[in-house]
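Report on one structure; see the data block that follows.
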Amino acid sequence: MRMRAYQGAPSHAPMPADPGSSHGRGPVVALICLTLLPLAFGLLGLWSDPDSYRALFGGKIGGDFTNVWTAARLVLSGDISALFDLAAYRTEQVQLFGADFPMHNWSYPPHLLLFVWPLGALPYEVALAAWTIGTLGLYLAAAWRWLPADGRPLMLFLLALAPASVLNIAVGQTGFLTGALLFQGLWWIDRRPVAAGLCFALLTVKPQLGLLVPFVVLAGGHWRVLFSTIAGALVLALVSLLAFGPESWMSYLTETAAQQRWILENGEGIFT
């Protein structure tokens, strides 16, 4: 009895979907819709009620970035004391953005100033563009390795257009920067523990995020990462103390911390 040579899968075996076929495109189309539909509804809401955005940010694009830019300009002026005095900070922002600009406050520790001060030498719109493009680039670069190799460019495109990403761009927040540091730190946690710790140390520019990381690292037994995180955070604090004086940290720990507590407990309007 002659045996016929095996020439492939039997005819009844399911074949992988052709990415170019309508069946293969289905999940991709669904993913795009899940990403873009909330974005479309969000933009529609903003278009239908622009007064809400104007009330929050005085109509200024990237409204939260005004804090970063104001701080950068104060660093270049040689006097950052207004950052920790709500009335003086209000006066500074009125001079920069006009009397109708809503009340804002500075809430970051002094070592963030080490990285943002050059933005104060640029016009607001240019500085905002540099901040947005730079931090978005870091975010997508850090996310790159976490995404499946097949379809990675599409995933990055959808990540950049996700509603949270668009909101971060519109409001000018620090989400791309902190997301990049978190993504990269977690990727390196087993591969390059010292580098991972430095990423987590930099994450302390957003204290409520940076202070949670050591507990996660400790729970996983990543001791080198933990020691690197603590050492990196101490170095950042020391460098900023030398650069901006001990008054900056004293004012941050007393005045700014008290402001943030009051805002969390009693905040209204933009602070709710």
Nearest heavy atoms of Ser165 and Ala160, plus distance in Å: CB-O, 3.3 Å
Has Thr132 got a side-chain atom pairing as donor or acceptor with Ala129's backbone, closer than 3.5 angstrom? no
Hey, would you say the Tyr124 and Phe65 ring centroids sit under 6.0 Å apart? yes
pair Trp131-Leu177: side-chain heavy atoms closer than 4.5 Å: yes
Distance col, row Ile189:CD1 vs Arg224:CZ, nearest 0.5 angstrom, shows 12.5 Å
Is the shortest side-chain heavy-atom distance between Phe227 and Val194 below 4.5 Å? no
Rounded to the nearest 0.5 Å, what's the gap from CZ on Arg192 to CG on Leu198? Could you check? 9.5 Å
Identify the two heavy atoms, one from Val116 and one from Ala72, that lie closest to each other, and give their separation to 0.1 Å. O-CB, 3.4 Å
Check: Gly175 main-chain N/O paired with Asn168 side-chain donor or acceptor under 3.5 Å: yes
Mind running side chain to side chain contact (heavy atoms under 4.5 Å, CB included) on Glu92 and Leu83 for me, showing each step along the way? CA-CA 9 Å; Glu92 184 70 24; Leu83 288 177; over 6 Å; no
Take Ser81 and Asp79 through the test side chain to side chain donor-acceptor pair (under 3.5 Å) and record every step on the way to the result. CA-CA 6 Å; Ser81 60; Asp79 182 10; 2.8 Å; yes
Indicate yes or no: at least one non-hydrogen side-chain atom of Trp249 is less than 4.5 angstrom from one of Pro109. yes
Using only atom types and a distance under 3.5 Å, with no angle test, would you say the side chain of Arg152 pairs donor to acceptor with the backbone of Leu147? yes
Sub-3.5 Å donor-acceptor pair from the side chain of Ser228 to the main-chain atoms of Val225, do we have one? no
Between the CZ atom in Arg73 and the CD1 atom in Ile80, the distance rounded to the nearest 0.5 Å is 16.0 Å
Thr256 versus Ser107, closest heavy-atom pair with distance: CG2-CA, 3.9 Å
What are the two closest heavy atoms between Leu186 and Phe200, and how far apart are they? N-CZ, 3.8 Å
Approximate separation, where rounding is to 0.5 Å, of Ile169 CD1 and Thr135 OG1: 8.5 Å
Yes or no on side chain to side chain contact (heavy atoms under 4.5 Å, CB included) for Leu128 and Trp69, after CA distance, side-chain angles and deciding distance? CA-CA 8 Å; Leu128 174 61; Trp69 190 68; over 6 Å; no
Are Thr174 and Val205 side-chain neighbours, meaning at least one heavy-atom pair lies under 4.5 Å? no
Side chains of Glu255 and Leu86: closer than 4.5 Å at any heavy-atom pair? no
Apply the test side chain to side chain contact (heavy atoms under 4.5 Å, CB included) to residues Leu159 and Tyr139: give CA-CA distance (whole Å), side-chain angles for both, the deciding distance (0.1 Å), then the verdict. CA-CA 10 Å; Leu159 188 61; Tyr139 176 65; 3.6 Å; yes
Shared hydrophobic cluster for Tyr252 and Met250 (ILVMFWY, side-chain gaps under 4.5 Å): no
Kindly say whether the aromatic ring centers of Tyr89 and Trp106 come within a distance under 6.0 Å. no
Side chain of Thr70, backbone of Thr66: donor and acceptor closer than 3.5 Å? yes
Should Trp188 and Pro193 count as side-chain neighbours, where that means a heavy-atom distance under 4.5 Å? no
Shortest non-hydrogen contact between Ala142 and Ala180, atoms and distance: CB-O, 3.5 Å
Do the side chains of Leu167 and Ile133 join up, straight or via other hydrophobic residues, at under 4.5 Å, putting them in one cluster? no
Would a hydrophobic clustering, with Ile, Leu, Val, Met, Phe, Trp and Tyr connected at side-chain separations under 4.5 Å, put Leu182 with Val216? no
With under 30° as parallel and over 60° as perpendicular, where do the rings of Phe183 and Trp146 fit, or are they tilted in between? tilted
Is any side-chain heavy atom of Ser248 less than 4.5 Å from a side-chain heavy atom of Leu241? no
Drop me the distance from Arg145's CZ to Arg191's CZ, to the nearest 0.5 angstrom. 8.5 Å
Minimum heavy-atom distance between Phe115 and Pro118, given as atom pair plus value: O-CD, 3.9 Å
First locate atom CE of Met103, then atom CD of Gln93, and finally report the distance between them rounded to the nearest 0.5 Å. 9.0 Å
Evaluate the criterion side chain to side chain contact (heavy atoms under 4.5 Å, CB included) for residue pair Thr178 and Leu203; output intermediate values, then yes/no. CA-CA 6 Å; Thr178 54; Leu203 197 59; 3.7 Å; yes
Could you check if a side-chain atom of Leu76 sits within less than 4.5 angstrom of a side-chain atom of Trp117, using non-hydrogen atoms only? yes
I want to know whether Tyr108 and His111 have ring centres closer than 6.0 Å. no
